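Within every chain, numbering begins at 1; the chains are lettered A, B, ... in the order of the sequence lines, protein sequences first and strands thereafter. Treat the numbers as computed from the prediction; the structure is a model and nothing was measured. Computation of the quantities below employed the complete heavy-atom set of this structure, encompassing side-chain atoms and omitting hydrogens, waters and symmetry-equivalent molecules.
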2 protein chains.
Amino acid sequence: MTAADGAPAGRGRGRRPGGPDTRGQILAAARHSFAGKGFGATTIRAVAADAGVDPALVHHYFGSKDDLFLAALEIPVDPRRLVPQVFEAGLDGAGERLLRLFLSVWEDPHARLPLLALVRSSLGREGDESLLRQGILRMILEPIRSALPTDEADHRMQLVISQMSGLVVTRYLLVLEPLASMPREDLVAWVAPTLQRYLDAPLPRERGVASSAGPGASG
Amino acid sequence: MTAADGAPAGRGRGRRPGGPDTRGQILAAARHSFAGKGFGATTIRAVAADAGVDPALVHHYFGSKDDLFLAALEIPVDPRRLVPQVFEAGLDGAGERLLRLFLSVWEDPHARLPLLALVRSSLGREGDESLLRQGILRMILEPIRSALPTDEADHRMQLVISQMSGLVVTRYLLVLEPLASMPREDLVAWVAPTLQRYLDAPLPRERGVASSAGPGASG
DNA sequence: AGCACAATTCAACGCATGATGAATAACGTC
DNA sequence: GACGTTATTCATCATGCGTTGAATTGTGCT
């Protein structure tokens, strides 16, 4: 994969001839590494090597490692614009529309790598200031509040998010087969009803546990 | 939190008097750190400091950092025994029984920390040999194969796992409120039906998209 | 009392990392 | 063709890490 072709050839320092998009190659290498190994396990030296370039050049283009991370994180979609559109047409079918939006974003390679980078790096560390937490809260949760009954919006949407983040984990992080290769339409058929139920099913009662369930494992 | 009391007091090396369970305190500190920051971001020096102890002592009790990690990972339940019990009584209500088992394990503090450590550390890195992948496959997926139709077992169970891992992420890693504090019974009422549907709902047809859904966002 | 053993610390090594600053070669422009 | 600018490398620093080995002191056995 190492991108550069005639890169680390001759002796001496100074500018090297060819490569017209070195900056781009560095960014691509960084994205791959952040997406695959997270922030902590990514080393600037490895990124540089992968781009066929001296580590100092990485610092020349992007500043610190944090800056590089932020640069690699640019996500080509804005949830704050797209998510409300899903709910504009009302709750009916919103589950399916939301899931289709979710899948279209995650199946897009340009969006997938930065998202993976964000998720992998965020789940590694604890703390309220985690980027992912803020991202979910302000990019997805906030813009939806208005579309649902005020006092139920949060927990309904978080159930939705729980199912979607579960897909992220199993399908895109762990790549469990056959789930990871399941066609989009099949996935929609399976999980859209789940999301729809979380969105508009009546609040569950503190139901009498009469139905069929034994006391499972408790303790 | 730093566990040791009269620990780093006087001068000189040699054995210190009191603390009867230094080893235990080290292990506890290690668990907290691994669970909170994952493997990579956990430093032996920090663990030692947190236990009020010299880093070399960590190596004295547990060997390398890997060994310490494995020691911190001891999970007091064996899914290979418990999971099949869920399916012994048949598929009816298995969703709820499985979810209750899942919750009872994750709500147990003795199990939660090692599990968090495993999850946090595994999601940080790519690769087939990831402990978590292996764990899920062999601890959960394998023992269940026999309880479902052979050709559907894998994708049905992986859908189940997707919802459960989504709960892990939102409830235990990100601690999204109010989901994180939702009472067990409410959670069961909301998501047990989801699991049950993944387990025994008829295979979705390549249905005509006539119902209510527009073409969402594509591309 | 003496002695083996376990617990604990100290000091240090070797290594990889992020970062910096100066040196050099190619490029674009007049 | 001279010149400022940009791209690139080299050499190096300080830091923090995992790990090791020896030194020291307390504990328990006989």
Residues 168-176 of chain A, side-chain donor-acceptor partners within the protein, below 3.5 Å, at least two apart:
from	atom 1	to	atom 2	distance (Å)
A/Thr170	OG1	A/Gly166	O	2.8
A/Arg171	NE	A/Leu179	O	3.2
A/Arg171	NH1	A/Glu107	OE2	2.4
A/Arg171	NH2	A/Met182	O	2.2
A/Tyr172	OH	A/Glu107	OE2	2.7

Practice prompt. Please report the shortest heavy-atom distance between A/Ile140 and A/Val83, naming the atom on each side.
Written response: O-CG1, 4.4 Å

Discussion item. Applying side-chain hydrogen bond (donor to acceptor under 3.5 Å, both in side chains), can you list everything that pairs with B/Gln158, at least two apart in sequence or on another chain?
Written reply: none

Worksheet entry | DNA chain C-proximal residues of residues 55-69 of chain A, any heavy atom under 4.0 Å | A/Ala56, A/His59, A/Ser64, A/Lys65

Worksheet item: Under the side-chain hydrogen bond (donor to acceptor under 3.5 Å, both in side chains) test, which residues partner A/Ser165, sequence neighbours left out?
Response: none

Fill in: Nearest-Å distance for atom pair CG/P, residues B/Asp54 and D/dT19
14 Å

Worksheet entry | Length of the CD1-C1' vector between B/Ile44 and D/dT20, whole Å | 12 Å

Which atoms of nucleotides 13-16 of chain C (N or O only) lie under 3.5 Å from a protein N or O atom, and what are those distances?
none

Worksheet item: Who are the ring pair (Phe, Tyr, Trp, His ring centres under 6.0 Å) partners of A/His59, not counting sequence neighbours?
Response: none

Discussion item. Show me the pairs that pass salt bridge (charged side-chain N to carboxylate O under 4.0 Å, His left out) and involve residues 78-88 of chain B, at least two apart or across chains.
Written reply: B/Asp78-B/Arg80

Worksheet item: Using the C1' atoms of the five pairs at each end, what is the angle between the end axes of the helix from C/dA1-D/dT30 to C/dC30-D/dG1, to 10°?
Response: 10°

Worksheet item: Listed by chain and number, what are the side-chain hydrogen bond (donor to acceptor under 3.5 Å, both in side chains) partners of A/Glu74, not counting sequence neighbours?
Response: none

Worksheet, complete the sentence: Those residues at least two apart in sequence (or on a different chain) that pass salt bridge (charged side-chain N to carboxylate O under 4.0 Å, His left out) with B/Glu152 are B/Arg156

Practice prompt. Kindly write out the residues that satisfy side-chain hydrogen bond (donor to acceptor under 3.5 Å, both in side chains) with A/Arg23, not counting sequence neighbours, or none if the list is empty.
Written response: none

Practice prompt. List in chain and number order the residues that pass salt bridge (charged side-chain N to carboxylate O under 4.0 Å, His left out) with B/Glu142, two or more places apart in sequence or in another chain; answer none if no residue qualifies.
Written response: B/Arg145

